[in-house]
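What follows is one structure encoded as structure tokens, with my remarks underneath.
From a predicted model like this one, the values you see are computed outputs, not experimental measurements.
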Amino acid sequence: MIWKVIHDAERERGLEYFNIIIVQEVVYNSLSPYYRDMFIEIDLRDSSLVGNFSVMCDNEARYIYYHLNE
């Protein structure tokens, strides 16, 4: 599950309360390298994820990117 990936990252950083910023690949690609470095990539076709995932309005999306903000 995607939530498990994010939850594991949150626990690794020791965060109890946080905000999640999730962006589509098209948005990520438009960011400067400085801001890209803030995000972690999730491959939606990764076999370790359970279930079929799609991005609203972009069923062909292969990646999403997230950032945990304290």
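We find the CG-CG distance between N19 and N69 to be 5.5 Å, quoted to the nearest 0.5 Å. Atoms CG and CD, on L44 and E25 in that order, are 9.0 Å from each other to the nearest 0.5 Å. Atom CZ of residue R36 and atom OG of residue S30 lie 8.0 Å apart, to the nearest 0.5 angstrom.
No side-chain donor from either of Y63 and E41 sits under 3.5 Å from a side-chain acceptor of the other.
Looking at residues two or more places apart in sequence or on another chain, you find a side chain to side chain donor-acceptor pair (under 3.5 Å) between R62 and D43. The side-chain contact (heavy atoms from CB on, under 4.5 Å) check on I20 picks up W3, I6, F18, I22, Y66, L68, with sequence neighbours excluded. In terms of the side-chain contact (heavy atoms from CB on, under 4.5 Å) criterion, D37 has no residue partners (sequence neighbours excluded).
Looking only at distances, no side-chain donor or acceptor of H67 sits under 3.5 Å from a matching main-chain atom of I21.
Here the side chains of Y65 and I42 are not in contact, with every heavy-atom distance at 4.5 Å or above.
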